[in-house]
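One structure is given here, and the rest of the page talks about it.
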2 protein chains.
Amino acid sequence: MKLLDIGEVAERSGVAPSALRYYEDLGLITSAGRKGLRRQFGVEVLLQLSLITLGKAAGFSLQEVAGMFGKDGQPDLPRDQLHARADALEAQIRELTLLKDALRHVADCPAPSHLECPKFQKLLRAGSITAEV
Amino acid sequence: MKLLDIGEVAERSGVAPSALRYYEDLGLITSAGRKGLRRQFGVEVLLQLSLITLGKAAGFSLQEVAGMFGKDGQPDLPRDQLHARADALEAQIRELTLLKDALRHVADCPAPSHLECPKFQKLLRAGSITAEV
DNA sequence: CCTTGACCTCAAGCTGGCTTGAATTGGCAG
DNA sequence: CTGCCAATTCAAGCCAGCTTGAGGTCAAGG
């Protein structure tokens, strides 16, 4: 198995060396050994970092990402929990879509006050979050 | 205009009083005055808080939310910037959808190693984030 | 053999978004 | 008028997720 120096991993993954060390401390990734002092990583770490970066971008904490995918990159949870995660993601996607529509609306609707525009209020109220106004 | 005590705003919006004071410090919301020491808010603050909460849920910082909607709840940006925001949201939605599909896949695919499953790799590579593996 | 420079460790610091705690104020019920 | 209790201010603390800095090591090139 070809080994990569931490610097090479950093460059190819776009993740800073300090972050890689941090991830290793947390147990999210594992180095394959050392050359002298220097950490060497197997190439599979690049795929794992993709997962981590993707999960982070999706709003999950490192702990949560670690929970979804073990440090080997394999899923770590029973099927139903993975589906539950996916359901949560769908909910988040709905929220985002809502916000996106709200933004498009305020960009295009010429109404003087959006807070009073029924369409806008409807968009807001569609959110699970909305206060009891 | 009916005024609400900060406690009532907290209860109806689900936002803690300390957070409301923090938002006021940041200029995201404005209190309509005081009764003695106590902040009083106009009812429109509830709608503004919906926007703030929605924006936060969508992964935006308070500064960014403040930039999208002014402290009056009105959009603060020119149309094209609002559309740019909406485009960014769409990109984020695609990332989330990707992750969701990846999770569903690993939940259902019986392959021994997902890192080697072509479908899974394809899902990952579809992400803008993926390293040059 | 010696220098170079990328890596190492460990502790401390930083940002965002609040929460907590101590000490104080003041509207309102009795 | 008294006392309660929720609200006030201000500083400090907390968590996540890193980054930065000081001081040290070592593999490879000249």
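Quick note on labels: first sequence line is chain A, next is B, and so on, each numbered from 1. Small disclaimer: the values here were computed from a predicted structure and weren't measured.
For A/Arg34, no side-chain nitrogen or oxygen approaches OP1 or OP2 of C/dA6 to under 4.0 Å.
With a 4.5 Å cut-off on side-chain heavy atoms, A/Gln48 and A/Phe69 do not count as touching. A heavy-atom distance below 4.5 Å is found between the side chains of A/Leu103 and B/Leu89. Side-chain atoms of A/Arg21 and A/Ile6, non-hydrogen and from C-beta on, do get closer than 4.5 Å to each other. In this structure, A/Val45 and A/Val9 have side chains that are in contact, with non-hydrogen atoms separated by less than 4.5 Å. Taking the side chain as every heavy atom from C-beta outward, A/His83 and B/Asp108 approach each other to under 4.5 Å.
Note: CZ (B/Phe60) to P (C/dG16) measures 17 Å, nearest angstrom. Spacing between atom CG of B/Asp25 and atom P of C/dG17 amounts to 14 Å, rounded to whole angstrom units. The CG-C1' distance, from A/Leu20 to C/dC7, rounds to 13 Å in whole Å. As a whole-Å value, the separation of B/Leu28 CG from C/dG16 C1' is 13 Å.
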Reading nucleotides 18-30 of chain C from 5' to 3' and marking B where a protein heavy atom lies under 4.0 Å of the base, S where only the sugar-phosphate is that close, and - otherwise, the string is BBB----BBS---

Side-chain donor-acceptor pairs of residues 28-41 of chain A under 3.5 Å, sequence neighbours excluded:
{"residue": "A/Ser31", "atom": "OG", "partner": "A/Glu24", "partner atom": "OE2", "Å": "2.6"}
{"residue": "A/Arg34", "atom": "NH1", "partner": "A/Leu37", "partner atom": "O", "Å": "2.6"}
{"residue": "A/Arg39", "atom": "NE", "partner": "A/Glu24", "partner atom": "OE1", "Å": "2.4"}

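Under the salt bridge (Lys or Arg N to Asp or Glu O under 4.0 Å) criterion, the residue pairs touching residues 55-67 of chain A are A/Glu64-A/Arg85, with sequence neighbours excluded.
Scanning both residues, B/Ser13 and B/Leu46, for their nearest heavy atoms gives CB-CD2, 4.1 Å.
Nucleotides of DNA chain D that come within less than 4.0 Å of any heavy atom of chain A span, from the 5' end to the 3' end, D/dG17 to D/dA27.
Axis deviation across the helix from C/dC1-D/dG30 to C/dG30-D/dC1 amounts to 0°, comparing end segments of five pairs, rounded to 10 degrees.
The salt bridge (charged side-chain N to carboxylate O under 4.0 Å, His left out) check on A/Asp87 picks up B/Arg104, with sequence neighbours excluded. In this view, B/Ala16 and B/Ser18, B/Ala19 satisfy the side-chain contact (heavy atoms from CB on, under 4.5 Å) rule, not counting sequence neighbours.
Looking at which nucleotide of DNA chain D each of B/Arg39 and A/Gln63 is closest to, the 5′-most match is held by B/Arg39.
The distance from atom CG of A/Leu4 to atom CD of A/Glu11, rounded to the nearest 0.5 Å, is 11.0 Å.
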